Amino acid sequence: MSSVNNDMATAAAGFANYLGLMREFHPAIHGLAVFAPNPEPLWVEGLTAPELEAATRALSTVASAERHLVALEDSDWLELVPLVNAAGDVVLQLVFALSGEEGEEPRPFGDCRHLQLLNELLLTEYEQGLALASKEDELNHMTDELTRRYEELNLVYKAEDQAMNIYHGRELLRQLVQNTARFLNVDVIYLYIVGKNIAMHRFRNDNPVFEADKLFACIRAQVQPAVASAGTAIVINNPDEASTRAIDQDLAFKLVSSPVYDGDSKVIGSLTMASQNFAVDFSNSDRNLLDVMARKASKIAQSHFDALTGLENSNSFELILKELLKQTWGSEVTHAIANVDIDRMAVVNDISGREAGDELIRKVGQTLAGMVRSRDVVARIGSDKFGVLLENCDLPTAKIVMKKISHAVSAIDLEWEGRTHEVSVSVGIAPITAQAQSVTGLLNAAETARNVSKERGRNTIHVLDLEDSDLLQRKEQIRWVTQIQSALRDDRFVLYAQPIVPLKPDGDKPHYEILLRMLGDGGEIPPGKFLGAAENFYLMSSIDYWVIDRALQELAQVDQEKGGCRISINLSGQTLVDPVSFAAYIENRFEEHGVTPGDVCFEITESAAIANIDDARIFIEQLRAFGCEFSLDDFGTGLSSFAYLKNLKVNYLKIDGSFVRDILKDPVSESMVAAINQVGHAMQLKTVAEFVENDAIRGKLARIGVDYGQGFGLGKPAPFASLQARSVKSA
């Protein structure tokens, strides 16, 4: 019989080798059982079930530090041999099964001097195995704990724009209320924002709530003014505290309410949690966590809602459009986008002033919002312009809807200081289909249609048909594709570099991330202008190949005798689809330019790595064996598990800047950075923080323990060839 305890799998080979050697010295040995200081064997080979039972029984009755012989039937014997460490503790108990002669007691061999060394080696190997297993268990435990902590923080952090780009502002707030209710597990969470027509709540699923309508009315009429007056969170645990705040003393709830602010730090709403359990008071911890969520609500209100109209703003509108565009790709569903422009807005401002103009904008916004379905979106996307997104709506229907809206706007009565202003709008409509390429293309299409409408006169509607829309998008994309191809052919790209700075002295070479610019007629063009077209038309591989060749060529010019430098090069997910050939190309470029592989780190974004996990793993393993290093870029944006990190042998985790930029004022962002940093260090990875914009952020990151930083506060991008840190070899 042979068995191995799972936890001791690594020691099994050692036990088997030991038994083989023992049999060479003593042919009478026909089996071995290995016990730790517990009744269950760690490893067994060659013992029958009765022999193993006798061994277990003998160990329970014999002093653990004594050698002992146990007679069995049929002239067989067991010899118990303890293995003791330097501290005198019995670490292992060896039980040998011996075949003896009838009537004769076998000669004990546990004391044989020539076997003492063999026993010491076995004990050392076992203890080292335990230590390694312990370290691995500790690492796995730490990683699991930090992963749970990270996921817990995600419940809070989900209110961040970066984590919830797929939702528009109201959906963001709904998710925030839902997450807060689940996280705090209280009876009621209620969000109320004045001026934006936002009032939403969430009950605890397993608990009925009585007098909820009375509670909501009290929050709007009494709690909200109390919070605005205090300018901070308020806690009501008893009638005396309610009386102090002039809040209804008959209210059958305890509550905590935190303020929601606008961009000018004015209280515009409140986030309130309430409980009908009067046996337990709300604590400062409850208030602090609700404050965190209220700050998230404030951030959403500021970043997704227009301050004047309370509608979604242009940023939110683009995010919604982006998500809808993703859902539309590959489907036959058609949506419509409209651009609405208030006619003669300048006349209203000039004659009656800005306040009259603001009032008109508010009235038009209210009219638009009141005439579309709940799932449709109305946003203020310019000073006097609105965007309307009509889901599952073909162009003829969209034209009918927008015509009704145009008539309703014309009926607006704007009187200001004795003057009456006629109101009308010009409307452009464009389709959203599976062929749509980009958010920018759709916005441009709707704007083009609106411009046609304005040229035709006031209060008109123009629909851009599908062919016009496709043509506009295709022309824009092809224009950039042509420029990219020309830049590759004519060598009109230039490499920039931004320093990656150690947050504590490490004595290593200067390290830079390589960035790309295109040279155009008007000067240098940033990558945000052309990389989208490169991705859509699968030109990223060509760009990656060019960047690698040029970066290694320029790196080869660095005088290594004066210290040299290291560089990081970004790679596209498109290039990873052929990992073996791409790795071979890179190795050839290293040999051609005579660059040390250890001076180059390749950066792959978290999303690209996950999307191409098998190809990424093959590519990373091949180039790591060659001597290169790897960094996982934008880490955390996927808010996913750390489990896949074990399959990607990278050297660095690059913490996404969306977590870093608010680290001084947002404790949740600080906790997210700390959690990622801890997991990275637990997995023996170095961490790099992006968006380090000032010394205060740098200091905070250093105290957290982040290894490196990158951002304008540490160094701005500059042409790689002109960096003062480089010393170019003389020809």
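Just so you know, these numbers come straight off a predicted model, no measurement behind them.
- A heavy-atom distance below 4.5 Å is found between the side chains of Ile704 and Ile663.
- None of Asn237, Asp281, Asn277 except one satisfies the side chain to side chain donor-acceptor pair (under 3.5 Å) rule with Lys254; the exception is Asp281.
- Contact check for Tyr512 versus Leu555: no side-chain heavy atoms found under the 4.5 Å cut-off.
- At least one donor-acceptor pair closer than 3.5 Å links the side chain of Ser572 to the backbone N or O of Gln574.
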Which is it for Ser541 and Asp544 under the side-chain hydrogen bond (donor to acceptor under 3.5 Å, both in side chains) test, yes or no, and what are the steps along the way?
CA-CA 5 Å; Ser541 293; Asp544 281 352; 5.7 Å; no

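- In this structure, Phe305 has no ring pair (Phe, Tyr, Trp, His ring centres under 6.0 Å) partners at least two apart in sequence or on a different chain.
- Here Phe590 contributes atom CZ and Leu552 contributes atom CG; the two are 5.0 Å apart, rounded to the nearest 0.5 Å.
- Between atom CD1 of residue Ile548 and atom OG1 of residue Thr575 there is a gap of 7.5 Å, rounded to the nearest 0.5 Å.
- Judged as a side-chain hydrogen bond (donor to acceptor under 3.5 Å, both in side chains), and not counting sequence neighbours, Ser298 has no contacts.
- Using a 4.5 Å heavy-atom cutoff, the side chains of Leu271 and Pro259 are not in contact.
- Atoms CG and CD1, on Asn315 and Ile320 in that order, are 9.5 Å from each other to the nearest 0.5 Å.
- Pairing each heavy atom of Thr687 with each of Gly705, the nearest pair is OG1-O, 4.4 Å.
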Should Leu255 and Val188 be marked as a side-chain contact (heavy atoms from CB on, under 4.5 Å) after you check the CA-CA gap, both sets of side-chain angles, and the distance that decides it?
CA-CA 9 Å; Leu255 59 85; Val188 186; over 6 Å; no

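- In terms of heavy-atom proximity, Asn570 sits nearest to Glu603 at OD1-OE1, 3.1 Å.
- The backbone N or O of Lys266 sits nowhere less than 3.5 Å from a side-chain atom of Asp264 that would complete a donor-acceptor pair.
- Between Leu173 and Ile193, the closest heavy-atom pair is CD1-CD1, 4.2 Å.
- The list of salt bridge (charged side-chain N to carboxylate O under 4.0 Å, His left out) pairs with a residue in residues 695-714, not counting sequence neighbours, reads Glu670-Lys700.
- In this structure, Gln302 contributes its side chain and Tyr261 its backbone to a donor-acceptor pair below 3.5 Å.
- Met293 approaches Leu176 most closely through the heavy-atom pair O-CD1, 3.6 Å.
- Taking the six-membered ring for Trp and thresholds of 30 and 60 degrees, Tyr652 and Tyr708 have ring planes more than 60 degrees apart, a perpendicular arrangement.
- For the pair Arg517 and Tyr496, the distance from NZ or CZ to the six-membered ring centre is under 6.0 Å and the angle to the ring normal is within 45 degrees.
- Under the 4.5 Å side-chain criterion, counting only non-hydrogen atoms from C-beta, Pro667 is in contact with Arg295.
- Within the structure, no pair that satisfies the salt bridge (charged side-chain N to carboxylate O under 4.0 Å, His left out) test touches residues 678-693, not counting sequence neighbours.
- Applying the salt bridge (charged side-chain N to carboxylate O under 4.0 Å, His left out) test to residues at least two apart or on different chains, the pairs with a partner in residues 563-578 are Arg566-Glu629.
- With values rounded to the nearest 0.5 angstrom, Gln224 atom CD is found 12.0 Å from Ser229 atom OG.
- For the pair Lys654 and Ser631, the tightest heavy-atom approach, listed with the atom from each and the gap, is CB-OG, 4.0 Å.
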With side-chain contact (heavy atoms from CB on, under 4.5 Å) as the test, would you mind laying out the steps for Asp666 and Lys299 before giving the verdict?
CA-CA 11 Å; Asp666 186 353; Lys299 184 175 291 186; 4.0 Å; yes

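- The aromatic rings of Phe630 and Phe619 stand perpendicular to each other, their planes meeting at an angle above 60°, with 30° marking the opposite boundary.
- Here the two rings, on Phe216 and Tyr192, have centers that are 6.0 Å apart or farther.
- Taking 4.5 Å as the limit, some side-chain heavy atom of Val668 sits within range of a side-chain heavy atom of Lys296.
- The minimum heavy-atom distance between Met273 and Arg287, with the atom names listed, is CE-N, 4.3 Å.
- Between Leu664 and Asn694 the shortest side-chain heavy-atom distance falls below 4.5 Å.
- Residues Phe282 and Leu290 have side chains not in contact (no heavy-atom distance under 4.5 Å, counting atoms from C-beta outward).
- Summarising the geometry, atom CG belonging to Asn313 is positioned 7.5 Å from atom NE2 belonging to His304; distances are rounded to the nearest 0.5 Å.
- Remark: Ser275 engages no residue in a side-chain hydrogen bond (donor to acceptor under 3.5 Å, both in side chains) (not counting sequence neighbours).
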Would Leu215 and Tyr190 satisfy side-chain contact (heavy atoms from CB on, under 4.5 Å), going step by step from the backbone distance to the final call?
CA-CA 9 Å; Leu215 170 66; Tyr190 186 75; 5.9 Å; no

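- Annotation: side chain of Leu191 is in contact with side chain of Val260 (closest heavy-atom distance under 4.5 Å).
- Separation of atoms CD1 (Ile586) and OH (Tyr545) is listed at 7.5 Å; rounding is to 0.5 Å.
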Between Leu653 and Val679, does the side-chain contact (heavy atoms from CB on, under 4.5 Å) criterion hold? Intermediate values first, please.
CA-CA 10 Å; Leu653 282 187; Val679 172; 5.5 Å; no

